[in-house]
Amino acid sequence: MASGEPLPDGVILWTRLAPEPLHPTRPGGMPNQTVTVRWEIAEDEKLARVIQSGTAPAQPDWAHSVHVRVSGLRPGTEYFYRFSVDSHASPVGRTRTAPDPASTAPVRFGFVSCQRYEHGHFTALRHLADERPDVILHLGGYIYENGKPDGPTPGRYVRPLEPETECATLGAYRNRYALYRMDPDLRAAHAAAPWLPVPDDHEVRRGYAGALPGDGSSPAAFLKRRTAAFKAYYEHMPLRVRPAGAALRVHRWRPYGRVVDFMLLDTRQHRDGGDMLGAAQEEWLLGRLKSATARWKVLAQSAFFSQRVFPEGRTSVDAWDAYPESRARVLAGAPDGLVVLSGDAYNGWAGELRADRADPGSKALGAEFAGASVTGMPPETDARAVLDLNPHLRFFDGRRGYVSCTADMNGFRADYRAVEYVDRPDAPVSTVAGFEVVDGELRQIGGEVA
């Protein structure tokens, strides 16, 4: 089970019926019929004070997933929930509504990305769950569609995939999600807090951009594949909006009182030529930035945002560096208190968004925190050389983990939390470095390049 999309008065509760999660022909091993699922939400973890309950249909066309829209709740309040069918009951999950619009209470959240099953154990998610944050942001790479790699792959095939082939059909995507959802650490993270997820390319196909598959194959065949991928994504996420064919509305605004405006972006589906966001999404974002009144305006998205030059002058073709005009338009409207959270970086990076990348004295427009992967194998990186070439980038760390954040009316803090290993379970976690945002600049609290 899981919860997500918190509002001040409500939340989405999610579950899926799957007694045989990896059944090869019947999704979840379920019969082709609708099943009635009971849900209840309470004020206490033992569910002694149930305040709402009801039933919902688990339909075979949606892989017997259930999305319950609960409303009428109190803002900024912790609740507990459970599902049941006949005598079978789920574990109890914790959720929390968004704060009242006038709230100035601190907001505690974490963000993660790049959780590749075969690359290791999701211990970082267990540690994040133990923090019991107000909300968890997932910034892409929830699943990886890849099949088993050919040849020897040290550190890249820690856990076996089942099945081992690349996902391309609805059944294959469903079973890949089911495999991931069987992981106890991922289940713990979903049970600990509501989620706000955004997908990236691997939820569909590596390297896709807009309506193009990225491998030269038929765009029509790719859109059929994207339709299947988005359907499976919705079936396994606590989302408010269903996909419409090959399209899924990803960008949305989630305010957290007067402290944080979360603006979740889609940096994959609407790419077109030199445009990262597409005209409609960009207009929406610039309007939100202009009208935002919260202390912190947080862009949560799945691509490295800052300029980043690698040795020999290379830049990433799959990040905002490939769309400099789109980035410039966003920064032209940058308000005070801008923070960008980025997935798909694999390594941990922290930096300042400056008017001139090469001039450390130029105006600071905001800060970026790019999270390390949960398990995905990071690329080889000459960190010292990259930091020397990019003085606006202040920090790098090559370990796997997550970022834990606290925002209030006086400050924004991000702590990089790293696990020691992922090739076996139960790795300890430590805080690698912490940062505070002060007038758009970063103040580091401990830590060093690793």
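These numbers were taken from a predicted model, which means no experiment stands behind them.
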Quiz prompt | F109 ring center near Y256 ring center (under 6.0 Å) | solution = no
Practice problem: Check each of L13, T15, V11 against Y81 using the side-chain contact (heavy atoms from CB on, under 4.5 Å) test, and report the only one that passes. | Solution: L13
Quiz item: Do you know which of D336, V437, L338 makes side-chain contact (heavy atoms from CB on, under 4.5 Å) with W296?
Solution: V437
Self-check item: Minimum heavy-atom distance D261-P255, with the two atoms named
Solution: OD1-CB, 3.6 Å
Quiz item: Partners of Y144 by ring pair (Phe, Tyr, Trp, His ring centres under 6.0 Å), sequence neighbours excluded?
Solution: H202
Quiz item: Got a sec, which residues hit side-chain hydrogen bond (donor to acceptor under 3.5 Å, both in side chains) with E162, two or more places apart in sequence or on another chain?
Solution: none
Quiz item: Does any non-hydrogen side-chain atom of R181 lie less than 4.5 Å from one of P21?
Solution: no
Practice problem: Would you please test E131 and R108 for side chain to side chain contact (heavy atoms under 4.5 Å, CB included) and show each step? | Solution: CA-CA 9 Å; E131 296 186 13; R108 296 174 53 252; 4.1 Å; yes
Quiz item: Got I41 and L73 here, is their nearest side-chain heavy-atom distance under 4.5 Å?
Solution: yes
Self-check item: M276 versus A303, closest heavy-atom pair with distance
Solution: CE-CB, 4.2 Å
Quiz item: Is the shortest heavy-atom distance from the side chain of T267 to the side chain of L277 under 4.5 Å?
Solution: yes
Exercise. Provide the closest heavy-atom pair for R174 versus P27 in the form atom of the first, atom of the second, distance.
Key: NH1-CG, 3.4 Å
Quiz prompt | Flag, side chain of R400 to backbone of V374, donor-acceptor distance under 3.5 Å | solution = no
Practice problem: Go through the steps to decide whether F412 and F369 satisfy the test side chain to side chain contact (heavy atoms under 4.5 Å, CB included), and finish with yes or no. | Solution: CA-CA 11 Å; F412 188 105; F369 299 107; 3.7 Å; yes
Quiz item: Hey, mind stepping through R126 and D183 against salt bridge (Lys or Arg N to Asp or Glu O under 4.0 Å) and telling me if it holds?
Solution: CA-CA 10 Å; R126 173 75 64 170; D183 181 273; over 6 Å; no
Would you be so kind as to tabulate the donor-acceptor pairs closer than 3.5 Å made by side chains of residues 203-212, with sequence neighbours excluded?
unit_1	atom_1	unit_2	atom_2	d
E203	OE1	G141	N	3.4
E203	OE1	D200	N	2.9
E203	OE2	G141	N	2.8
E203	OE2	Y142	N	2.8
R205	NE	D215	OD2	3.4
R205	NH2	D215	OD2	3.3

Quiz item: Is it true that D61 and K231 have a side-chain N and a carboxylate O under 4.0 angstrom from each other?
Solution: yes
Quiz item: Would a distance-only check, ignoring hydrogens and angles, find a side-chain to backbone donor-acceptor pair under 3.5 Å from R176 to N146?
Solution: yes
Which atom pairs, donor and acceptor, lie under 3.5 Å between side-chain atoms of residues 28-40 and protein residues at least two apart or in another chain?
unit_1	atom_1	unit_2	atom_2	d
R38	NH2	S53	OG	3.4
E40	OE2	R82	NE	3.2
E40	OE2	R82	NH2	2.9

Quiz item: Any side-chain heavy atom of R271 within less than 4.5 Å of one from D318?
Solution: yes
Quiz item: For the side chain of R252 and the backbone of V250, is there at least one donor-acceptor N/O pair under 3.5 Å apart?
Solution: yes
Practice problem: Kindly indicate whether the side chain of H251, heavy atoms from C-beta on, has any atom under 4.5 Å from the side chain of L285. | Solution: no
Quiz item: With a 4.0 Å cut-off, would you call D415 and R413 a salt bridge?
Solution: yes
Exercise. For the pair H67 and R242, evaluate side chain to side chain contact (heavy atoms under 4.5 Å, CB included) and give the outcome as yes or no after the intermediate values.
Key: CA-CA 10 Å; H67 297 72; R242 286 182 176 180; over 6 Å; no
Quiz item: Do any N or O atoms from the side chain of T375 and from the backbone of R116 form a donor-acceptor pair under 3.5 angstrom?
Solution: yes
Exercise. Measure from the side-chain N and O atoms of N390 to the backbone N and O of L393, and report whether any donor-acceptor pair falls under 3.5 Å.
Key: no
Quiz prompt | C167 versus A172, closest heavy-atom pair with distance | solution = SG-O, 3.6 Å
Exercise. Decide yes or no for F305 and L331: does some side-chain heavy atom of the first lie under 4.5 Å from some side-chain heavy atom of the second?
Key: yes
Self-check item: Flag, side chain of H392 to backbone of Q307, donor-acceptor distance under 3.5 Å
Solution: yes
Exercise. For Q115, enumerate each residue passing the side-chain hydrogen bond (donor to acceptor under 3.5 Å, both in side chains) test, keeping only those at least two apart in sequence or located in another chain.
Key: H138
Quiz item: Nearest heavy-atom pair of Y323 and G273: which atoms, and what distance?
Solution: CE2-O, 3.4 Å
Quiz item: Of all residues at least two apart in sequence or in a different chain, which pass the side-chain hydrogen bond (donor to acceptor under 3.5 Å, both in side chains) check with R327?
Solution: D321
Quiz item: Taking it one step at a time, do W320 and E368 satisfy side chain to side chain donor-acceptor pair (under 3.5 Å)?
Solution: CA-CA 13 Å; W320 284 80; E368 177 177 15; over 6 Å; no
Exercise. Answer yes or no: does atom CD of E283 have more than 12 heavy-atom neighbours from other residues, nucleotides or ligands under 6.0 Å?
Key: no
Quiz prompt | Sequence-distant partners of P379, side-chain contact (heavy atoms from CB on, under 4.5 Å), two or more places apart | solution = Y346, N347, T381
Quiz item: Okay, side chain of W14, backbone of E235: is any donor-acceptor separation there less than 3.5 Å?
Solution: yes
Practice problem: Would you mind checking if R94 and E45 are paired as a salt bridge, meaning a charged N to carboxylate O distance below 4.0 Å? | Solution: no
Exercise. Can you sort out the partners of Y117 under ring pair (Phe, Tyr, Trp, His ring centres under 6.0 Å), two or more places apart, ordered by chain and number?
Key: Y180
Practice problem: Could I get the full list of ring pair (Phe, Tyr, Trp, His ring centres under 6.0 Å) partners for F83, not counting sequence neighbours? | Solution: none
Self-check item: Minimum side-chain heavy-atom gap L179-P163 below 4.5 Å
Solution: no
Quiz item: Taking only residues two or more places apart in sequence or in another chain, which ones pass salt bridge (Lys or Arg N to Asp or Glu O under 4.0 Å) with R226?
Solution: none
Quiz item: Passes side chain to side chain contact (heavy atoms under 4.5 Å, CB included), R74 versus Y79? Steps please.
Solution: CA-CA 10 Å; R74 298 191 306 275; Y79 292 97; 3.5 Å; yes
Quiz item: What residues form a salt bridge (Lys or Arg N to Asp or Glu O under 4.0 Å) with R225, not counting sequence neighbours?
Solution: E166
Quiz item: So, does Q269 use its side chain to make a donor-acceptor pair with the main chain of L248 at under 3.5 Å?
Solution: yes
Exercise. Kindly give the heavy-atom pair with the smallest separation between L341 and F111, and that separation in Å.
Key: CD2-CE2, 3.7 Å
Exercise. If the plane angle is over 60° it's perpendicular, under 30° parallel, otherwise tilted; pick one for H236 and Y177.
Key: parallel
Self-check item: Where at least one partner belongs to residues 297-309, residue pairs that pass salt bridge (charged side-chain N to carboxylate O under 4.0 Å, His left out), sequence neighbours excluded
Solution: none
Quiz item: Would you say D272 has more than 12 foreign heavy atoms packed within less than 6.0 Å of its CG?
Solution: no
Quiz item: Does R69 reach the main-chain N or O of R240 with its side chain, forming a donor-acceptor pair under 3.5 Å?
Solution: yes
Exercise. Keeping the roles fixed (side chain from H127, backbone from A427), state whether a donor-acceptor pair exists under 3.5 Å.
Key: yes
Quiz item: Would you say P160 and E118 make side-chain contact, with heavy atoms under 4.5 Å?
Solution: no
